[in-house]
Trainee: 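Below you'll find the structure I mean.
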Amino acid sequence: MINKLKNIITTKKSFLKRFSFFVFIFLFLFVIFIFLKAGYTFSLISSDYTFWQSSIDDGYEERDRIDILILGMRGDDDVQYGGTLTDSIMILSIDTKNNKTAFISIPRDLYTKIPRHDNKREKINFAYAFGENKKIGGLNISKDVIESITGIVIDYAVAIDFKTFENLIDVVGGIDVYLNKEFTEASQWGFEFTIPAGKNTIDGKTALYYARSRFSTDDFDRSRRQQDVLVSLKNKLLNTGVLVNPLKINEIFNSIGKGVKTNIDFTTSLRLIKYIKYMDSAHLTRKIIDASENGLLQAGKIDDSYVLYPKIGLDNFTDIKEEIRGIFKQ
């Protein structure tokens with residue numbers, strides 16, 4: 001009887017050793033797969049995007065801060081409707097010393113001079129399209145114009161088309177949005193688009209409708225919704241069910257490889273990824289540069305076009321620079 005028990009125990013130990021070995025091999029191969037896939041993907045999306053030197057020349061010095069410009073657009077294939085106009089313009093700022101983050105939204109109708117465009121003024125969402133059309137880099141032109149407005153050094157930039165964003169949300173199984181009241185857009189999409197109050201798990205197409213709707217409210221509320229969607233996507237990407245699923249990770253990288261342009265290489269991404277967890281309510285400040293009563297902008301018409309410009313005067317971005325440079329001091 002004793003010998004029989006010993007044999008059973010020995011068999012179980014042998015099985016556990018073999019099982020542990022196979023688990024180790026699986027995890028090892030899984031990590032290798034992620035590194036290889038990530039490295040290949042970043043080689044596709046970042047190889048041609050070396051940033052110009054910062055255009056800031058007013059003596060401003062920046063310590064312990066990383067600023068990433070995030071641009072959302074319809075995509076290169078949607079030329080008829082301005083596929084390379086950036087409908088969404090945001091800055092993700094990271095305080096690396098105190099582990100704080102900030103989302104800053106810049107309205108697409110902000111009127112400003114576009115670098116290398118003969119000092120001509122345009123809406124800011126034209127900057128990326130201009131750079132791409134002139135073959136001088138949409139990311140670089142966008143970086144320069146954002147630096148001239150905000151007064152901060154843009155370290156990195158990411159441009160993503162809406163189809164890729166939609167695919168990412170579908171790959172992770174949708175995102176959760178919480179609404180205090182029902183949201184309805186009756187005019188923009190050719191049908192009445194509605195999301196009820198409360199918690200909603202929405203797919204990629206619904207998320208795009210929600211983030212891009214503007215007829216029922218305004219661009220500033222749309223900026224708030226865009227920030228909500230990005231934070232929700234971040235939460236889903238960090239979900240364990242996504243992080244340990246090789247099929248989902250492969251789909252995520254495949255989507256990124258098709259519709260993202262950036263100057264962030266693979267090594268840099270490894271350094272930045274640790275700050276993602278600080279994009280939460282305890283560490284995240286959210287700011288929208290707007291034309292509200294207490295906002296820094298005002299609306300007007302120039303050449304029969306609706307535009308936004310600083311309340312203190314056209315081309316005078318002093319107040320905006322002060323606000324954004326001090327975002328972590330508030």
Trainee: Just verifying a value: how many Å separate Ile288 CD1 and Leu296 CG, rounded to the nearest 0.5 Å?
Mentor: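 Spacing of CD1 (Ile288) from CG (Leu296) equals 12.5 Å.
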
Trainee: Counting C-beta onward and ignoring hydrogens, is there a side-chain heavy-atom pair between Asn245 and Asn250 closer than 4.5 Å?
Mentor: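 The answer is no; the side chains never approach within 4.5 Å.
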
Trainee: List the steps and the verdict of side chain to side chain contact (heavy atoms under 4.5 Å, CB included) for Phe253 and Tyr40.
Mentor: CA-CA 9 Å; Phe253 282 127; Tyr40 173 71; over 6 Å; no

Trainee: If you round to the nearest 0.5 Å, how far is CD1 of Ile68 from CZ of Phe103?
Mentor: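 Those atoms lie 9.5 Å apart.
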
Trainee: Just how far is it from atom CD1 of Ile70 to atom CD1 of Ile160, taken to the nearest 0.5 Å?
Mentor: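 With rounding to 0.5 Å, CD1 (Ile70) is 9.5 Å from CD1 (Ile160).
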
Trainee: Contact between Tyr128 and Met73 at the side-chain level, heavy atoms closer than 4.5 Å - yes or no?
Mentor: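 A side-chain contact under 4.5 Å exists here.
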
Trainee: With heavy-atom distances below 4.5 Å as the criterion, would you say the side chains of Ser43 and Phe266 are in contact?
Mentor: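 The answer is no; the side chains never approach within 4.5 Å.
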
Trainee: Rounded at 0.5 Å granularity, tell me how far CD1 in Ile94 sits from CE in Met279.
Mentor: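 Interatomic distance, Ile94 CD1 to Met279 CE, rounded to 0.5 Å: 8.5 Å.
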
Trainee: Could you check if a side-chain atom of Val158 sits within less than 4.5 angstrom of a side-chain atom of Leu71, using non-hydrogen atoms only?
Mentor: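 The answer is no; the side chains never approach within 4.5 Å.
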
Trainee: Let me know which of Ile104, Ile289, Leu69 forms a side chain to side chain contact (heavy atoms under 4.5 Å, CB included) with Ile89.
Mentor: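 Among Ile104, Ile289, Leu69, the one that satisfies the side chain to side chain contact (heavy atoms under 4.5 Å, CB included) with Ile89 is Leu69.
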
Trainee: Considering non-hydrogen atoms only, spot the tightest contact between Ser88 and Gln226 and give its length.
Mentor: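 Nearest heavy atoms, Ser88 then Gln226: OG-OE1, 3.1 Å.
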
Trainee: Does Tyr278 offer a backbone N or O that forms a donor-acceptor pair with the side chain of Thr101 under 3.5 Å?
Mentor: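 Side chain of Thr101 to backbone of Tyr278, a donor-acceptor pair under 3.5 Å: yes, one is there.
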
Trainee: Which residues pass the side-chain contact (heavy atoms from CB on, under 4.5 Å) test with Ser148, not counting sequence neighbours?
Mentor: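 So Ser148 forms a side-chain contact (heavy atoms from CB on, under 4.5 Å) with Val145.
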
Trainee: Which pair of heavy atoms, one from Glu132 and one from Gly138, lies closest together, and at what distance?
Mentor: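 Of all heavy-atom pairs spanning Glu132 and Gly138, the closest is OE2-N, 2.8 Å.
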
Trainee: Does a side-chain heavy-atom distance below 4.5 Å link Thr112 with Phe317?
Mentor: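 Side-chain contact under 4.5 Å: yes.
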
Trainee: Got a salt bridge between Arg65 and Asp67, using NZ or NE/NH1/NH2 to carboxylate O under 4.0 Å?
Mentor: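 Result for this pair is yes, salt bridge flagged.
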
Trainee: Output yes when a side-chain donor or acceptor of Asp95 lies under 3.5 Å from a complementary backbone atom of Lys97, and no otherwise.
Mentor: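 Checking the backbone N and O of Lys97 against the side chain of Asp95, a donor-acceptor pair under 3.5 Å is found.
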
Trainee: Find out whether Glu192 and Thr194 are in side-chain contact, i.e. whether some heavy atom of one side chain is under 4.5 Å from a heavy atom of the other.
Mentor: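 Side-chain contact under 4.5 Å: yes.
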
Trainee: What pair of heavy atoms forms the shortest contact from Ala211 to Val229, and how long is it?
Mentor: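 Of all heavy-atom pairs spanning Ala211 and Val229, the closest is CB-CG2, 4.2 Å.
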
Trainee: Which residues satisfy the side chain to side chain donor-acceptor pair (under 3.5 Å) test with Asp315, sequence neighbours excluded?
Mentor: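 Checked Asp315 against side chain to side chain donor-acceptor pair (under 3.5 Å); matches are Arg121.
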
Trainee: Examine distances only and state if a side-chain atom of Glu147 and a backbone atom of Ile154 form a donor-acceptor pair shorter than 3.5 Å.
Mentor: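 Looks like yes, one N/O pair under 3.5 Å.
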
Trainee: Can you tell me how far the CG atom of Leu110 sits from the CD1 atom of Ile149, to the nearest 0.5 Å?
Mentor: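 Answer for the CG-CD1 pair, Leu110 versus Ile149, is 4.5 Å.
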
Trainee: Would you find a donor on one side and an acceptor on the other, under 3.5 Å apart, between the side chain of Ser232 and the backbone of Asp176?
Mentor: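 Yes, because the side chain of Ser232 sits within donor-acceptor range (under 3.5 Å) of the backbone of Asp176.
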
Trainee: Keeping to residues at least two apart or across chains, list the ring pair (Phe, Tyr, Trp, His ring centres under 6.0 Å) pairs with something in residues 130-155.
Mentor: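 Applying ring pair (Phe, Tyr, Trp, His ring centres under 6.0 Å) to every pair that reaches into residues 130-155, excluding sequence neighbours, yields His117-Phe130, Phe126-Phe130.
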
Trainee: Looking only at non-hydrogen atoms, find the nearest pair between Ala207 and Ile202 and report the distance.
Mentor: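 Taking Ala207 first and Ile202 second, the nearest heavy atoms are CA-CD1, 3.6 Å.
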
Trainee: Please step through side chain to side chain contact (heavy atoms under 4.5 Å, CB included) for the pair Leu208 and Phe165, ending with a clear verdict.
Mentor: CA-CA 8 Å; Leu208 273 185; Phe165 194 71; 4.2 Å; yes

Trainee: Would a hydrophobic clustering, with Ile, Leu, Val, Met, Phe, Trp and Tyr connected at side-chain separations under 4.5 Å, put Leu238 with Ile273?
Mentor: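 Yes, same cluster.
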
Trainee: Has the side chain of Lys261 got a donor or acceptor atom that lies under 3.5 Å from a matching backbone atom of Leu139?
Mentor: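 Looks like no, no N/O pair under 3.5 Å.
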
Trainee: With sequence neighbours excluded, tell me which residues meet side chain to side chain donor-acceptor pair (under 3.5 Å) with Asn200.
Mentor: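 Expected list: none.
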
Trainee: Check whether any side-chain N or O of Ser213 sits under 3.5 Å from a backbone N or O of Glu185 as a donor-acceptor pair, and report yes or no.
Mentor: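 Checking the backbone N and O of Glu185 against the side chain of Ser213, no donor-acceptor pair under 3.5 Å is found.
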
Trainee: Between the side chains of Arg225 and Asp228, is the shortest nitrogen-to-carboxylate-oxygen separation below 4.0 Å, so that they form an ion pair?
Mentor: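 So Asp228 does not pair with Arg225 through a salt bridge.
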
Trainee: Taking only distance into account, with no hydrogens and no angle test, what donor-acceptor pairs under 3.5 Å do side-chain atoms of residues 300-311 form with protein atoms, sequence neighbours excluded?
Mentor:
residue, atom, partner, partner atom, Å
Lys311, NZ, Ser292, O, 3.0
Lys311, NZ, Glu293, O, 3.1
Lys311, NZ, Gly295, O, 3.1

Trainee: What pairs of residues pass the salt bridge (Lys or Arg N to Asp or Glu O under 4.0 Å) test when at least one of them lies in residues 202-220, not counting sequence neighbours?
Mentor: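 Salt bridge (Lys or Arg N to Asp or Glu O under 4.0 Å) check on residues 202-220 returns Asp87-Arg212, Arg108-Asp219, Glu166-Lys205, Asp219-Arg222.
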
Trainee: Any side-chain heavy atom of Leu230 sitting closer than 4.5 Å to one from Lys234?
Mentor: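 Contact flag for Leu230/Lys234 side chains = no.
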
Trainee: Please lay out, stage by stage, how Ile195 and Thr206 fare under the test side chain to side chain contact (heavy atoms under 4.5 Å, CB included).
Mentor: CA-CA 9 Å; Ile195 299 181; Thr206 304; 4.0 Å; yes

Trainee: Can you list the steps and then say if Thr318 with Asn316 is a side-chain hydrogen bond (donor to acceptor under 3.5 Å, both in side chains)?
Mentor: CA-CA 6 Å; Thr318 303; Asn316 189 342; 2.7 Å; yes

Trainee: Going by heavy atoms in the side chains, are Val172 and Ile252 under 4.5 Å from each other?
Mentor: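 Side chain of Val172 against side chain of Ile252, heavy atoms only: contact under 4.5 Å found.
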
Trainee: Of all the heavy-atom pairs spanning Ala102 and Ile327, show the shortest one and how long it is.
Mentor: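 That would be CB-CG1, 3.8 Å.
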
Trainee: Report the relative orientation of the aromatic rings in Trp189 and Tyr209; use parallel for angles under 30°, tilted for 30 to 60°, perpendicular for over 60°.
Mentor: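 Trp189 vs Tyr209 ring planes: tilted.
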
Trainee: Ignoring hydrogens and geometry, is there a side-chain-to-backbone donor-acceptor pair from Thr150 to Ile146 under 3.5 Å?
Mentor: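 It does hold such a pair.
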
Trainee: Can any side-chain N or O of Lys258 pair as donor or acceptor with the backbone N or O of Thr164 at less than 3.5 Å?
Mentor: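 Absent.
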
Trainee: Can you name the closest pair of heavy atoms from Thr201 and Gly173 and give their distance?
Mentor: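 That closest heavy-atom pairing would be CG2-O, 4.2 Å.
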
Trainee: Would you kindly confirm whether Val260 and Leu270 end up in one hydrophobic cluster when ILVMFWY residues are joined by side chain heavy atoms under 4.5 Å apart?
Mentor: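 Yes.
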
Trainee: Counting only heavy atoms from other residues, nucleotides and ligands, does the tally under 6.0 Å from CG of Asp64 exceed 12?
Mentor: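 More than 12 heavy atoms, drawn from other residues, nucleotides or ligands, come within 6.0 Å of this atom.
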
Trainee: Rounded to the nearest 0.5 Å, what's the gap from CG on Asn99 to NZ on Lys274? Could you check?
Mentor: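 Those atoms lie 8.5 Å apart.
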
Trainee: Between Thr268 (side chain only) and Ile264 (backbone N and O only), is there a donor and an acceptor less than 3.5 Å apart?
Mentor: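 Between the backbone of Ile264 and the side chain of Thr268 there is no qualifying donor-acceptor contact (under 3.5 Å).
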
Trainee: Test side chain to side chain contact (heavy atoms under 4.5 Å, CB included) on Phe193 and Thr184; report intermediate values, then the result.
Mentor: CA-CA 6 Å; Phe193 170 73; Thr184 299; over 6 Å; no

